[in-house]
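Note that these values count all heavy atoms, side chains included, but never hydrogens, waters or copies made by symmetry. Proteins come first, then strands; the chains are lettered A, B, ... in the order of their sequence lines, and each starts at number 1.
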2 protein chains.
Amino acid sequence: MGITKSESFTVQQNETALLLKAIAHPARIAIVEHLLKVQSCICGDIVSELPLAQATISQHLKELKNAGIIKGSVEGTAICYCLEKEVIEKLAQYFSTISNQINNQKSTCC
Amino acid sequence: MGITKSESFTVQQNETALLLKAIAHPARIAIVEHLLKVQSCICGDIVSELPLAQATISQHLKELKNAGIIKGSVEGTAICYCLEKEVIEKLAQYFSTISNQINNQKSTCC
DNA sequence: TTGTTATATTGCAATATTACGATAAATGTA
DNA sequence: TACATTTATCGTAATATTGCAATATAACAA
């Protein structure tokens with residue numbers, strides 16, 4: 001049905017899923033990596049960086065912003081986007097924790 | 001159009017996106033976390049753990065396996081699934097790297 | 001005000017995803 | 001062999017996502 005049964009899972013699980021889903025697209029990964037590369041904030045030159053229409057990129061930026069992965073501040077006519085440090089850190093910790101737990105368990109299956 | 005323009009991005013970006021997309025669903029996160037909790041491998045009791053139909057869970061397991069996040073080995077009538085350590089580590093590193101890069105740059109934007 | 005530039009929104013078409021019942025396939029057991 | 005158990009696959013319905021052209025909005029400049 002294309003609809004996810006969110007009620008069936010914990011708040012944490014749903015939140016993590018939303019965060020990951022927001023990044024889980026090559027265009028949005030490219031945007032995140034571009035923001036990372038151009039130290040200073042970036043505005044609309046992402047459009048000239050990626051081979052996607054301006055409308056499409058605006059949509060991807062919106063999704064990233066909604067998920068709290070980036071933030072944008074108006075800068076005259078342009079808009080300055082940059083990464084939300086905390087959220088990236090949260091994701092880094094999530095996977096690090098799992099990784100560590102796997103390493104600590106000495107089960108020899110599979 | 002619902003179709004992603006994969007040709008426009010790097011192999012790495014596409015691969016990362018596929019990995020993240022495979023996890024980016026509350027049911028699949030729940031599966032991963034369950035696999036993590038029950039030290040030893042798990043088989044079909046994920047079905048009794050989650051309020052989803054067996055067919056649905058089998059589908060989610062397939063996606064996780066296709067993405068290389070879990071692996072499964074036949075164990076009699078049952079199938080024993082467990083996490084693929086390396087892939088989780090790869091993701092942990094991906095976000096750690098980004099997180100570190102953000103911390104190292106002293107730009108004061110946004 | 002008028003024009004220009006930068007971004008956002010709308011409306012659509014094409015695909016993808018999610019979920020599940022029904023059924024198949026595989027393996028072990030009586 | 002016949003049956004039970006476990007997992008996979010198929011088919012289908014409902015919904016979500018992706019991408020873009022067209023258009024709207026916002027802010028500045030002349």
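- Nearest approach of K21(A) to R28(A), heavy atoms of both residues: O-NH2, 3.3 Å.
- Mapping H60(A) and V47(B) onto DNA chain D via the closest heavy atom, the residue that lands nearer the 5' end is V47(B).
- Note on S58(B): a side-chain N or O is less than 4.0 Å away from OP1 or OP2 of dA8(D).
- If you check every strand for non-hydrogen atoms under 4.0 Å, A78(B) touches sugar and phosphate atoms only.
- Residues A27(B) and L50(B) share a closest heavy-atom pair of O-CD1, 4.0 Å.
- L52(B) comes within 4.0 angstrom of sugar-phosphate atoms only, judged by non-hydrogen atoms across all strands, and of no base.
- One can find a donor-acceptor pair under 3.5 Å joining the base of dC20(C) and the side-chain atoms of Q59(B).
- The main-chain N or O of K85(B) is never found under 3.5 Å from a side-chain atom of K90(B) such that the two would form a donor-acceptor pair.
- Distance CG (N66(B)) to C1' (dA16(C)): 15 Å, rounded to an integer number of Å.
- Atom C1' of nucleotide dT6(D) and atom CD1 of I57(B) are separated by 13 Å, given to the nearest angstrom.
- The CG atom of L18(A) sits 13 Å away from the P atom of dA16(D) (whole-angstrom rounding).
- We find that CG of D45(A) is positioned 17 Å from P of dT5(C), with the value rounded to whole Å.
- Residue K21(B) places none of its side-chain N or O atoms closer than 4.0 Å to OP1 or OP2 of dA16(C).
- Rounding to whole angstrom units, CD of residue E75(B) and C1' of dA26(C) are separated by 15 Å.
- For the pair K5(A) and G76(B), both in contact range of DNA chain C, the more 5′-proximal nearest nucleotide belongs to K5(A).
- The two atoms that bring A24(A) and A17(B) nearest to each other are CB-O, 3.8 Å, heavy atoms only.
- When the side-chain nitrogen and oxygen atoms of Y81(B) are compared with OP1 and OP2 of dT6(D), none of them lie within a distance under 4.0 Å.
- Considering every non-hydrogen atom in both L35(A) and Y81(A), the closest pair reads CD2-O, 3.4 Å.
- Between the side chain of Q54(A) and the base of dA8(C), at least one donor-acceptor pair of N or O atoms lies under 3.5 Å.
- Mapping S6(B) and G44(B) onto DNA chain D by nearest heavy atom places G44(B) closer to the 5' end of the strand.
- Of the residues in residues 22-30 of chain B, those lying under 4.0 Å from DNA chain C by heavy-atom distance are H25(B), R28(B).
- Using a 4.0 Å heavy-atom criterion, one finds that E63(B) contacts the sugar-phosphate atoms exclusively.
- Distance L50(B) CG to dC20(C) P: 11 Å, rounded to the nearest Å.
- Residues V74(B) and I57(B) do not share a hydrophobic cluster, defined by chaining ILVMFWY side chains whose heavy atoms lie under 4.5 Å apart.
- For dA26(D), the OP1/OP2 oxygens have no side-chain nitrogen or oxygen of T77(A) closer than 4.0 Å.
- Linking Ile, Leu, Val, Met, Phe, Trp and Tyr residues whenever their side-chain heavy atoms come within less than 4.5 Å places L36(B) and F9(A) in a single cluster.
- Here K62(B) reaches the OP1 or OP2 of dT9(D): one of its side-chain N or O atoms lies under 4.0 Å away.
- Whole-Å rounding puts the I3(A) CD1 to dA19(C) P distance at 9 Å.
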Candidate pair Q13(A) and E15(A), rule side chain to side chain contact (heavy atoms under 4.5 Å, CB included), full reasoning: CA-CA 5 Å; Q13(A) 285 166 341; E15(A) 280 179 357; over 6 Å; no

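- Across the protein-nucleic acid pair, I70(A) atom CD1 and dA8(C) atom C1' stand 13 Å apart, rounded to whole Å.
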